[in-house]
Amino acid sequence: MISEESTKIGWSAPSNIALIKYWGKRAHQLPENGSLSITLDKSATTTFLTFQKKDEKVEKISLNYYFQGERHPKFETKTARLLHYLRSEMPFLPDYELVFHSENNFPHSTGIASSASSMAALALCLVSMEEIINHQKRSKDDFFRRASTIARLGSGSASRSVFGGIVTWGCNESIAASSDEYATPFQLHNGSRLNHIRDIILIVSTKVKNLSSSSGHALMNVHPYREGRIKQANTNLEKISNAIRNDDYLRIMEISENEALSLHALLFTSASDGLLLKPETLHIIEEIKQFRESNGLDLFFTIDAGPNVHLIYYDDQREIVLPFVQQRLSRYCENGQWIDDKIGTGPLLLTPETDS
Ligand code: 2P0
């Protein structure tokens with residue numbers, strides 16, 4: 001039996017693309033190294049959580065998870081695992097019937113990190129629910145910090161999707177208030193070109209990859225280059241932070257490309273199915289390098305843990321970049337598909353709504 005009144009909360013949370021890559025973790029979802037990402041604008045997950053108090057006290061957490069309108073057992077299991085882990089700090093969870101409805105506004109398996117946006121949206125809903133149940137409004141900073149911590153427990157990269165702009169996650173001496181527990185927005189100065197950074201996602205393949213990110217992280221525990229990687233990533237994070245502060249766009253480009261290729265070098269050497277790049281990926285990289293050289297631009301590529309390429313550039317280069325993508329790069333994309341995105345301002349509260 002459940003009581004009449006239900007409450008509905010909705011958040012939209014964007015995905016993000018890392019320039020400094022989180023790769024390897026310890027304990028419960030703590031990163032081995034610091035990372036830095038661009039929060040995207042368009043590519044987002046929308047999640048609605050409806051909760052309704054049970055009449056009888058039952059210890060079990062009750063939830064249903066719908067993705068794109070259909071029950072989704074895999075996401076339900078993943079969500080149940082997270083909620084179970086949160087029981088001690090959110091003791092009210094078993095007292096409610098929880099129903100999640102979630103949708104992505106970007107195509108499936110396109111190399112956009114859907115776990116980042118979906119876990120961020122889920123965490124934001126849970127922290128909103130906590131505020132309502134406890135009749136306690138948190139300060140804005142406290143709210144998003146808590147959401148970032150909870151998102152991290154669901155998926156590491158999701159910790160960064162709770163904030164807009166450029167975001168870091170992981171302790172690093174050069175970044176004030178940085179933490180392994182939650183992400184921190186990186187303060188850009190008004191004149192920084194990074195305020196106008198854009199991302200074209202070139203979809204080389206939509207096939208589900210053989211090696212999941214979770215397995216990739218786990219393989220780092222026994223990787224022969226583990227120590228070197230941790231050092232390299234933390235140094236790269238420190239260097240890119242200084243380059244961003246000093247408007248050194250060539251350095252940002254060099255460090256970002258070094259990170260993308262380092263991630264894949266680690267992947268190649270982790271496991272026999274760690275070769276995730278495709279011939280088209282390398283053609284795109286070559287084309288970007290040639291285009292950059294012949295035009296004297298400071299655009300660059302980065303790659304997530306998959307074959308698709310993110311072409312990162314600035315708004316003032318758009319007129320020259322779009323024809324380049326159409327004429328030179330789209331031929332390497334599956335069905336000519338690419339996504340036009342840019343830096344975004346972060347999650348959006350959609351609805352706190354009560355009906356009875
Ligand atoms: C990142 N990636 O920094 C790195 C770069 C992919 C390559 O974080 O196991 O889905 O859920 O914590 O966050 C992908 O791993 O892994 C990732 P879990 P996640 O964006």
Side-chain angles (χ1 to χ4, degrees), residues 13-40 43 45 74-75 77-79 81-82 85 104 109-123 148-163 166-170 172 178 180-184 186 199 201 208-221 223 229-230 232-234 236-237 240 255-268 270-271 274-277 281 301-310 312:
S15 187
N16 69 75
I17 176 68
L19 299 185
I20 305 296
K21 311 290 185 183
Y22 148 56
W23 203 238
K25 54 180 157 181
R26 63 192 158 80
H28 200 81
Q29 295 279 103
L30 294 171
E32 287 281 27
N33 63 267
S35 56
L36 178 142
S37 58
I38 304 166
T39 296
L40 298 178
S43 310
T45 300
K74 195 173 145 208
F75 290 167
T77 309
K78 218 176 161 188
T79 305
R81 209 178 302 138
L82 174 65
Y85 186 82
N104 288 349
S109 301
T110 46
I112 296 177
S114 61
S115 68
S117 53
S118 62
M119 282 297 165
L122 175 74
S148 177
T149 306
I150 288 171
R152 184 204 96 226
L153 294 168
S155 183
S157 51
S159 65
R160 300 184 308 239
S161 271
V162 160
F163 300 103
I166 303 289
V167 183
T168 68
W169 169 43
N172 189 286
S178 59
D180 283 349
E181 304 273 335
Y182 48 80
T184 312
F186 191 100
D199 179 10
I201 306 157
V208 176
K209 57 194 182 187
N210 291 332
L211 185 75
S212 72
S213 287
S214 295
S215 311
H217 284 294
L219 287 166
M220 282 309 289
N221 291 330
H223 201 292
R229 168 57 192 162
I230 296 171
Q232 177 201 32
N234 286 326
N236 274 346
L237 178 55
I240 206 168
I255 298 166
S256 300
E257 293 190 351
N258 174 265
E259 274 290 307
L261 297 178
S262 297
L263 167 71
H264 281 272
L266 292 164
L267 275 158
F268 299 161
S270 281
L275 177 50
L276 303 180
L277 303 181
T281 314
F301 66 84
T302 187
I303 318 171
D304 221 332
N308 303 320
V309 182
H310 293 246
I312 311 289

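Computation of the quantities below employed the complete heavy-atom set of this structure, encompassing side-chain atoms and omitting hydrogens, waters and symmetry-equivalent molecules. Index from 1, following the sequence. One-based numbering, in listed order, for ligands and for the atoms of each. Quantities reported herein were computed from a predicted structural model and do not represent experimental measurements.
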Look at ligand 1 and say whether Lys25 reaches it with a heavy atom at a distance under 4.0 Å.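 Yes, Lys25 has a heavy atom closer than 4.0 Å to ligand 1.
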Among protein heavy atoms, which lies nearest [atom], and at what distance?
atom	value
atom 11 (O) of ligand 1	Ser155 OG, 2.7 Å
atom 20 (O) of ligand 1	Arg160 NH2, 2.8 Å
atom 7 (C) of ligand 1	Asp304 OD1, 3.1 Å
atom 4 (C) of ligand 1	Tyr22 O, 3.2 Å
atom 15 (O) of ligand 1	His217 NE2, 3.1 Å

For the residue pair Trp169 and Tyr22, categorise the inter-ring angle as parallel (less than 30°), tilted (30 to 60°) or perpendicular (more than 60°).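 Trp169 and Tyr22: perpendicular rings.
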Taking atom types as modelled, find out whether [X] and [Y] have a side-chain donor-acceptor pair closer than 3.5 angstrom.
X	Y	answer
Ser118	Thr45	no
Ser155	Lys78	no
Thr39	Asn16	no

Can you tell me how far OG of Ser270 sits from CG of Leu275, rounded to the nearest 0.5 angstrom?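 Going from the CG atom of Leu275 to the OG atom of Ser270 covers 12.0 Å.
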Within the 4.5 Å heavy-atom criterion, are Arg160 and Leu36 side-chain neighbours or not? no
Kindly indicate whether the side chain of Ile255, heavy atoms from C-beta on, has any atom under 4.5 Å from the side chain of Ile20.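 In short, these two side chains touch, coming nearer than 4.5 Å.
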Between Glu259 and Arg229, does any NZ, NE, NH1 or NH2 come within less than 4.0 Å of an OD or OE carboxylate oxygen? yes
Charged N-O contact under 4.0 Å between Asp180 and Arg26: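 Yes.
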Under 4.0 Å to a heavy atom of [X] - the qualifying atoms of ligand 1, by number:
X	answer
Ser157	8 (O), 10 (O), 13 (O), 19 (P), 20 (O)
Ser213	14 (C), 15 (O)
Ala18	1 (C), 3 (O), 20 (O)
Ser115	10 (O)
Lys21	3 (O), 5 (C)
Leu263	7 (C)

Between Asn16 and ligand 1, which part of the residue brings a heavy atom under 4.0 Å of the ligand: side chain, backbone, both or neither?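 Neither part.
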